[in-house]
Amino acid sequence: MTNMLKNVIIVDGSGWIPFWGDIVIEDGKVAILRSGENTLFNEEKTFDKVTDYKRQAYVIPGVEDEMTMEKYEAQLQSILADLQDGIKIEKAVRKLTGYGVGQREFTVEGVVANLCVLDKPATKIITAFAAGKEL
């Protein structure tokens with residue numbers, strides 16, 4: 001199955017600003033990732049499914065592996081230790097995840113397509129929830 005996510009806003013997890021483009025997923029992996037509009041227009045007829053999000057949805061990386069209670073507790077202890085050492089929480093979390101400029105990217109060609117697509121209404125719901133507003 002070859003699936004194209006067309007005209008999406010891509011957050012690759014590298015810490016750089018999001019960009020819009022196309023992602024092709026083949027056999028569960030990111031086969032093609034291109035920035036820009038209609039960069040794969042000529043190839044669309046060969047894909048099993050093409051969904052055009054018209055720059056109204058974000059693609060964000062999923063998690064690398066399953067979270068267990070042991071892993072959660074180890075990560076929590078690592079963050080708490082960093083906080084006691086005076087390290088800001090953003091840096092403590094970034095140290096665990098690898099997110100940030102110069103770190104690994106999670107949405108690149110060849111990786112498992114562990115992605116989440118969020119449309120604009122979903123991002124508004126998440127923002128409201130994070131702000132503590134009642135939904």
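Under the 4.5 Å side-chain criterion, counting only non-hydrogen atoms from C-beta, E26 is not in contact with M1. Taking 4.5 Å as the limit, every side-chain heavy atom of E73 sits out of range of all side-chain heavy atoms of L76. Counting only heavy atoms from C-beta outward, the side chains of Y53 and V117 approach each other to under 4.5 Å. Side chains of T2 and T46 form no contact here, defined as non-hydrogen atoms less than 4.5 Å apart.
Remark: K133 NZ to I125 CD1 distance equals 13.0 Å, nearest 0.5 Å. Here CH2 of W20 is found 6.5 Å from CG of N7. Values are rounded to the nearest 0.5 Å. One distance of note links CG of L5 with NZ of K49; it measures 9.0 Å at 0.5 Å rounding. Taking NZ of K6 as the reference point, atom OG1 of T39 lies at 9.0 Å (rounded to 0.5 Å). Atoms CD1 and NZ, from I25 and K29 in turn, are 13.0 Å apart once rounded to the nearest 0.5 Å. Remark: L40 CG to L33 CG distance equals 9.5 Å, nearest 0.5 Å.
By the criterion of side-chain heavy atoms lying less than 4.5 angstrom apart, applied directly or through intervening Ile, Leu, Val, Met, Phe, Trp or Tyr residues, I32 is grouped together with M4 in one hydrophobic cluster. A continuous path of hydrophobic side-chain contacts links I60 to I9 [ILVMFWY only; heavy atoms under 4.5 Å]. A single hydrophobic cluster is not seen to contain both F41 and I10; linkage of ILVMFWY side chains at heavy-atom distances under 4.5 Å, directly or through other members, places them apart. Both I79 and M69 belong to a single network of hydrophobic side chains, linked directly or stepwise wherever heavy atoms of I, L, V, M, F, W or Y lie under 4.5 Å apart. By the criterion of side-chain heavy atoms lying less than 4.5 angstrom apart, applied directly or through intervening Ile, Leu, Val, Met, Phe, Trp or Tyr residues, L115 is not grouped with V24; the two fall into different hydrophobic clusters.
Salt bridge absent: E43 and R34 never bring a charged side-chain N and a carboxylate O closer than 4.0 Å. The residues R55 and E37 are annotated as salt-bridged, a charged nitrogen and a carboxylate oxygen being separated by less than 4.0 angstrom.
With hydrogens and angles disregarded, no donor-acceptor distance shorter than 3.5 Å links the side chain of D85 to the backbone of I87.
Residue-environment remark: CG (L83) exceeds the threshold of 12 foreign heavy atoms within 6.0 Å.
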